[in-house]
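These notes concern the structure reproduced below.
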Amino acid sequence: MKTRYTAPFLLLLSLILLTLEAKTVDPYKVLGVEKNASQREIQKAFHKLSLQYHPDKNKNKGAQEKFAEINNAYEILSDEEKRKNYDLYGDEKGNAGFNAGYPGDQGGYTHFTNGGQGQNSYTFRPGDWQDMGDQGNSRSFSFSFGGPSSQSSFGFGLNDIFSNFFGGDLGGGQFGGFGGSTRSQSRSQTGSRSTPRSIKAINSQVFNEIAGQGMTWLLLSYTSSLKGSQFYESIIQEVADSLQGALKVGSINCETEMSFCKELGTQPRRVPRVFVYSNKASDKGSLVEYNGDLVAKTLKSFCQDHLPRFSKRIDLKHLQSYSGEEEKLPRVVLLSTKKDTPVIWRALSGLFHKRFIFNDVEVRDVTDPMTKKLGVDALPAIVGWLSNGEKHVLKSGISVKDLKSAVHDLSTLLEGFEKKNKKAAASKDRKAQADSGGKDVSLLTGSNFDALCGGKTPVCIIGGFRSLKVKEKLEDILSMVSQKSLSRRRNAASVSGDSISYTLLDVAKQPSFLNAFDKSGYKSSDKLLLAYKPRRQKFAAFKGEMTAEEVEKFISSVLNGDVQFTKTRQKPVLK
């Protein structure tokens with residue numbers, strides 16, 4: 001029995017002693033950083049080495065192994081928990097490594113461990129059949145090789161070695177119980193990579209939400225089985241950090257979002273893929289794939305090139321024509337010494353597209369006569385015009401701390417100017433109403449129904465109310481809108497074939513009338529607005545905020561044919 005186990009035991013012991021002399025791979029040394037290095041320093045070192053040893057760039061022998069070593073080191077040091085475990089135990093999993101014993105610990109003997117409670121080990125003690133030192137000066141050694149689901153601390157599968165030499169697994173025998181396939185289990189542990197750290201996971205619902213925001217997104221398409229995802233992630237995160245405020249970053253896991261990736265056409269191949277969701281020139285936005293070298297500087301330039309371009313560059317002399325000119329939207333113009341539209345302004349033109357008209361102009365210096373005429377005393381500056389043509393210098397001598405804070409501060413500035421424009425527009429509408437004599441909008445009744453919403457009227461706008469307060473609000477809104485140039489003709493008893501009529505309806509007294517449009521009769525609404533086409537017996541309900549501006553947009557869309565109409569349930573009749 002003793003002879004039976006002598007040979008494999010001696011082989012095992014030799015392997016152990018040889019391994020103890022080998023140097024453990026130190027992630028700090030691999031990346032060439034100090035033990036107190038910051039995450040930023042670790043990331044920079046990783047980027048530099050990854051580019052140097054990337055298999056696509058470095059065809060030298062051993063480059064692929066070195067690249068894997070660099071990735072493993074970064075995976076430990078970039079994760080605070082793994083880094084802490086390594087610093088304490090020499091193992092990122094929190095298992096003890098080869099730690100020298102202390103007096104009183106294990107009887108003052110050196111104690112080697114690599115596993116936690118419940119994991120297998122083999123201990124040699126003085127007086128055992130094999131001494132580990134000179135007679136009388138023997139010491140005990142304890143070797144632990146981890147449980148069935150882990151690999152040994154020596155960097156190889158002892159089960160594989162014994163299988164090669166002896167043609168079988170060790171099983172659960174006296175030599176520590178090296179059971180199970182450590183190689184396949186190690187793969188399953190390292191291969192089940194989740195969503196990249198700190199990067200927002202994107203699915204179809206999130207993608208639909210970001211589509212109308214005007215923000216540019218940098219997207220990583222990957223699967224957990226692909227190698228190099230961590231390298232891609234770090235480059236993408238670095239670019240996103242440098243363009244924070246103008247760019248957001250996300251990742252699509254094409255294992256969990258398979259159908260979504262197929263729909264977008266973003267399925268990764270042998271390596272992850274990088275895309276930019278760009279609003280460069282389209283309201284809807286589009287995905288553009290990046291096919292250049294995976295270098296932060298190059299990828300950043302690509303992202304900058306695909307930022308929105310909704311700001312039109314103009315000549316300085318054109319600015320004078322904007323004063324006093326009425327427009328549908330307020331206008332903002334950036335004056336700077338830049339030869340091209342600055343990144344900040346391009347980002348803002350995407351975020352506030354359809355809310356402002358954006359322009360930018362190159363100015364040599366502040367002494368230009370036109371800048372003085374505009375009231376600008378320092379560059380860069382932003383000048384704005386309300387939709388009524390009134391000019392305002394919004395900000396001059398703009399100083400930028402960083403891109404993120406600049407976009408935030410200027411967004412706040414534009415939002416304030418937008419509110420000012422709405423107040424000015426409302427004031428103008430009230431004045432127009434007063435000048436027109438403040439004509440009332442007729443209340444729809446059985447006697448005037450044919451005149452206002454009969455078969456000869458192309459479109460009838462019906463404002464429904466349940467309270468006096470709502471009635472007054474709707475009356476003001478419809479009265480203002482009816483004065484606009486978009487209206488073909490205000491309501492009257494003798495309407496022509498090219499008219500649009502406005503009327504009010506007391507819905508509390510006419511529930512059956514509303515049942516013709518909706519089965520519930522809009523009982524849950526205290527106010528509503530309907531566009532009704534009597535000739536075709538079709539209608540469309542307004543669903544926005546009940547303001548003069550929004551109602552005007554709705555009616556403009558109705559007249560332009562941009563609103564989808566629904567067939568009425570029956571012909572509406574007033575009692």
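It should be emphasised that the depicted structure is a prediction, and the values quoted were computed from it without experimental measurement.
Counting all heavy atoms, side chain and backbone alike, Ile344 lies closest to Ala406 at CD1-CB, 3.7 Å.
Counting non-hydrogen atoms of neighbouring residues, nucleotides and ligands closer than 6.0 angstrom, the NZ atom of Lys571 reaches no more than 12 such neighbours. By the neighbour-count criterion of 12 heavy atoms within 6.0 Å, atom CZ of Arg536 is sparsely surrounded, having that number or fewer from other residues, nucleotides or ligands. Counted within 6.0 Å of CD on Gln564, heavy atoms from surrounding residues, nucleotides or ligands total 12 or fewer; the atom is thus considered open.
Between Arg313 and the options Asp360, Asn359, Asp340, a side chain to side chain donor-acceptor pair (under 3.5 Å) holds for only Asp360. Considering Leu413, Asp409, Val407 as possible partners of Ser411, the one that fulfils the side-chain contact (heavy atoms from CB on, under 4.5 Å) test is Val407.
Checked against the 6.0 Å centroid criterion, the rings of Phe310 and Phe352 do not qualify as a close aromatic pair. The ring of Tyr222 has its center no closer than 6.0 angstrom to the ring center of Tyr232.
The list of side-chain hydrogen bond (donor to acceptor under 3.5 Å, both in side chains) pairs with a residue in residues 290-304, not counting sequence neighbours, reads Lys57-Asp293.
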task: Run the numbers on Glu255 and Ser224 for side chain to side chain donor-acceptor pair (under 3.5 Å), then give the verdict.
output: CA-CA 8 Å; Glu255 283 181 334; Ser224 60; 2.7 Å; yes
- prompt: Should Gln213 and Leu351 be marked as a side chain to side chain contact (heavy atoms under 4.5 Å, CB included) after you check the CA-CA gap, both sets of side-chain angles, and the distance that decides it?
  reply: CA-CA 6 Å; Gln213 294 178 353; Leu351 295 173; 5.7 Å; no
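Under the 30°/60° scheme for interplanar angles, the aromatic rings of Phe302 and His306 are found to be tilted. The aromatic rings of Phe356 and Phe417 lie parallel to each other, their planes meeting at an angle below 30°, with 60° marking the opposite boundary.
Judged purely by atom type and a 3.5 angstrom limit, Asp402 uses its side chain to pair as donor or acceptor with the backbone of Ser405.
Judged by the 6.0 Å distance and 45° axis criteria, Lys538 is not positioned over the aromatic ring of Tyr532.
Between Val363 and Leu379 the shortest side-chain heavy-atom distance falls below 4.5 Å.
In this structure, a donor-acceptor pair under 3.5 Å is absent between the side chains of Ser78 and Gln43.
Ion pairing of Asp526 with Arg466 is absent here, as no side-chain N (NZ or NE/NH1/NH2) approaches a carboxylate O to less than 4.0 Å. Under 4.0 Å is where a charged nitrogen must lie from a carboxylate oxygen, and between Glu362 and Lys338 no such pair does.
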